[in-house]
Amino acid sequence: MMQKWRTPVQVEGRTRRDADGYLVQDSAARLIPGCLIAPGVFTVPGLLESPTSEQPDDQATLYAPPDSRFEVGDTIVVPRAHPLGGKWQVESKPAPWPRGVSVTIKRR
């Protein structure tokens, strides 16, 4: 059942300025298949005001397979077809979870 919830994500690496002030990527983009993404805050329909409960999620947790590499500041691209699709940024160092690693991500 969990397999249909899995999605590939693209890790674009961190963008920074070099010594001359040019924007550069720290690493080449790579695809990580089989990830799970969970919203950072859950809302219960009917218990919150409409405008609040309809706001997009700004924080989420990315659960990735073992040996997935992430650095703080990496840009994560979630496919648009996913409910949490779009560009995100890694906010925490990877932490272990029973089936791999997890990181906190925030919408860019």
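Hydrogens, waters and symmetry mates are skipped; everything else that's a heavy atom, side chains included, is used.
- In this structure, Thr104 contributes its side chain and Ser92 its backbone to no donor-acceptor pair below 3.5 Å.
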Quiz: residues 63-77 side-chain donor-acceptor pairs under 3.5 angstrom, not counting sequence neighbours:
from	atom 1	to	atom 2	distance (Å)
Ser68	OG	Pro65	O	2.7
Asp74	OD1	Arg14	N	3.3
Asp74	OD2	Glu71	N	2.8
Thr75	OG1	Arg108	NH1	3.0

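- By the 4.5 Å heavy-atom criterion applied to side chains, Thr61 and Val103 are not counted as neighbours.
- Under the rule for a salt bridge (Lys or Arg N to Asp or Glu O under 4.0 Å), Lys106 has no partner lying at least two apart in sequence or in another chain.
- For the atom pair His82 NE2 and Arg6 CZ, the distance stands at 11.5 Å (nearest 0.5 Å).
- One distance of note links CZ of Arg80 with NZ of Lys87; it measures 9.0 Å at 0.5 Å rounding.
- Two residues are said to be in side-chain contact when any heavy atoms from C-beta on lie closer than 4.5 Å; Ile105 and Gln59 fail this criterion.
- Here the shortest heavy-atom pairing between Leu84 and Pro39 reads CD1-N, 3.8 Å.
- Side-chain contact between Val9 and Leu62 is present, with at least one heavy-atom pair separated by less than 4.5 Å.
- Proximity of a side-chain donor or acceptor of Asp20 to a complementary backbone N or O of Tyr22 within less than 3.5 Å is not detected.
- For the atom pair Arg30 CZ and Gln10 CD, the distance stands at 10.0 Å (nearest 0.5 Å).
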Walk me through whether Trp97 and Leu36 qualify under side chain to side chain contact (heavy atoms under 4.5 Å, CB included).
CA-CA 12 Å; Trp97 77 291; Leu36 294 170; 4.3 Å; yes

